[in-house]
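For reference, the structure discussed in these notes is given below.
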Amino acid sequence: MIVFENVSLAFGNHQVLDGLSFEARFYEKIAILGGSGEGKTTILKLILGLLQPDSGRIIIDGKDITKLSERQLRETRMNFSIVFQEGALFDSMTVRENVAFCLREYYDLREEEIEQRVRELLRRVGMEYAIDMMPEELSGGMQRRVAIARSLAACEPKMILYDEPTTGLDPISADNICGLINDLSSGEPPNRRGLIVVTHKITDAVKVAERFMYLRSGKISFDGNIEELKNTDDAELRRFINEILLVGT
Amino acid sequence: MHLKNLVSQLQDFYLLSVRAPMGILRRPFYFREILEQMDYAGVGSLFIVVLVSLFIGMALSLQISAELSSLGLKMYTGKIVGVAIIREIGPVAIALSFAGRIGSGMASELGSMVLGHQVDILRVFGVDPIKKLVTPRVISATIMLPVLTIIGDAVSLFGGYYISVFVSHQSGSFYWSQIKDIMDFKNIFSGIAKPFIFGYIIACISCYMGLSTHGGSRGLRKATTISVVLSTIMIIVTDFVMTRILFFALGMKV
């Protein structure tokens with residue numbers, strides 16, 4: 001369970017989050033929507049303890065992570081994995097080394113076992129053929145696929161966090177990434193891996209999420225399912241989701 | 001607010017400076033990364049160090065022999081060039097070149113890793129970024145800068161020899177005998193102790209600036225520039241402080 005209680009955070013004079021509160025379960029499929037600079041990625045970083053809030057509490061699995069040391073946070077972070085926008089692959093390593101990174105850090109495995117696991121993960125995301133390539137040789141969509149494979153290498157996360165996973169991709173690549181995200185979170189709750197995707201691409205959000213939150217002025221101004229989202233009276237939110245209202249998804 | 005930020009940054013820098021070298025004592029040991037960094041910082045800097053040292057040695061020899069010539073003391077060129085290079089100019093000039101090439105590289109590499117979320121990924125995977133990224137760089141700089149300084153000093157002395165013999169028409173054997181005379185413990189220790197400290201300072205400043213990068217490409221440019229400027233200032237200031245300490249510790253009189 002993830003609980004945000006009156007979380008506020010400012011960067012300099014810019015108040016990014018202002019008393020933000022919500023609750024989420026690990027098996028939920030959530031899309032956090034909002035314009036650029038509204039603090040969507042900040043929420044993911046707060047969940048992982050990569051940032052500390054100015055005030056408020058963030059409780060994960062019953063522990064207030066704002067009070068944990070970096071070493072204690074490692075245990076909480078094992079619940080999650082994250083795929084950053086652009087993939088955030090280690091650019092000095094090949095695809096193989098990127099995916100094997102966690103296996104080498106966490107486990108005392110033989111090289112053959114690492115190779116087998118890396119190939120298995122890359123096959124799962126359809127990228128086995130790129131095993132010897134460098135990140136700079138990959139397209140945006142390919143980098144994100146490898147990042148997803150890497151995110152699954154360390155452990156079996158309860159929840160995967162996606163930061164703008166389809167931004168900058170062509171419609172076909174974006175659709176493929178959405179399909180992959182759905183595959184990794186398939187099954188029925190509560191026996192499935194959850195996800196939080198932050199995006200401003202509403203058409204992609206509806207493909208992967210069941211619960212939608214809209215972030216405005218540092219607070220959640222909307223929280224509901226797809227039907228509630230489509231029927232919202234909020235004029236600004238209706239403009240934001242105009243694309244799906246027109247298509248009638 | 002600015003004062004609070006400054007104190008907080010100094011505290012972070014202090015913690016990084018202490019934790020980075022200590023990282024070598026705790027598992028996991030990143031020997032491969034240390035060797036890679038030593039190769040990049042040491043072998044990769046050899047050409048620039050040789051080039052800079054050669055011309056410094058020649059220019060210094062020219063200046064000193066010209067000045068001593070007017071006093072009729074031209075034969076002492078080797079002694080003065082040797083002392084100046086081994087104790088002072090060699091360590092400082094090579095450290096400044098090192099800060100420009102390796103320090104800026106460290107700051108920009110770590111800065112781009114921060115901006116590309118690669119450092120965040122390390123933390124999410126439970127890897128300590130200081131141990132993984134900073135420790136190998138600090139260790140490699142602390143070891144390789146003294147090595148480069150020894151090589152640079154030798155090349156500078158050869159540059160001085162060339163000018164003394166072929167331009168200033170002095171005796172080559174007398175030049176080397178004077179160099180041999182000044183090769184005592186005090187001079188050698190003064191020349192070798194400084195680069196250890198300079199290497200540590202350059203790596204700590206550059207890694208700290210790299211890891212504190214924010215604000216996109218403009219922030220990266222700023223972090224890289226500050227790392228070089230700060231390293232340069234700290235090398236000059238530390239050189240003076242260390243000279244004073246070494247004079248006192250080694251019983252050298254002014």
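Since the model is a prediction, treat every value here as computed from it, not as a measurement. Order of the sequence lines fixes the chain letters, A, B, ..., with proteins taken first and strands second; residue numbering starts at 1 for each chain.
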ask   = NZ of B:K132: more than 12 outside heavy atoms within 6.0 angstrom?
value = yes
request  = Report, as yes or no, whether the 6.0 Å neighbourhood of atom CZ on A:F11 holds more than 12 heavy atoms from other residues, nucleotides or ligands.
outcome  = yes
inquiry  = Under 4.5 Å from any heavy atom of chain B, what part of A:E70 do you find: side chain, backbone, both or neither?
reply    = side chain
ask   = Quick check: are there more than 12 heavy atoms from other residues, nucleotides or ligands sitting under 6.0 Å from CD of A:E137?
value = yes
request  = Please report the C-alpha distance between A:R150 and B:I121 in whole Å, then the side-chain angles of each, then the deciding distance to 0.1 Å, and finally whether the side chain to side chain contact (heavy atoms under 4.5 Å, CB included) criterion is met.
outcome  = CA-CA 10 Å; A:R150 183 180 63 179; B:I121 286 286; 3.6 Å; yes
inquiry  = Does B:R221, at its CZ atom, have more than 12 non-hydrogen atoms belonging to other residues, nucleotides or ligands within less than 6.0 Å?
reply    = no
ask   = Pairs in or reaching into residues 35-51 of chain A: which pass side chain to side chain donor-acceptor pair (under 3.5 Å), with residues at least two apart or in two chains?
value = A:T41-A:D163, A:K45-B:D120
request  = Could you please state which residues from residues 82-93 of chain A sit under 4.5 angstrom from chain B, measuring non-hydrogen atom to non-hydrogen atom, sorted by number, or 'none'?
outcome  = A:I82, A:F84, A:A88, A:L89, A:F90, A:D91
Taking distance alone, no hydrogens or angles, what donor-acceptor pairs closer than 3.5 Å link side-chain atoms of residues 8-15 of chain B to residues at least two apart or in another chain?
none

key: Neighbourhood of chain A inside residues 30-58 of chain B, taking heavy atoms under 4.5 Å as contact   = B:Y30, B:R32
inquiry  = Nearest 0.5 Å, please: how far is CZ in A:R74 from CZ in B:F125?
reply    = 14.0 Å
key: Enclosure of A:Q52 CD (heavy-atom neighbours >12, cutoff 6.0 Å)   = yes
message = Testing the basics here: between B:R123 and A:R77, what is the closest heavy-atom pair and its distance to 0.1 Å?
response = O-NH1, 3.1 Å
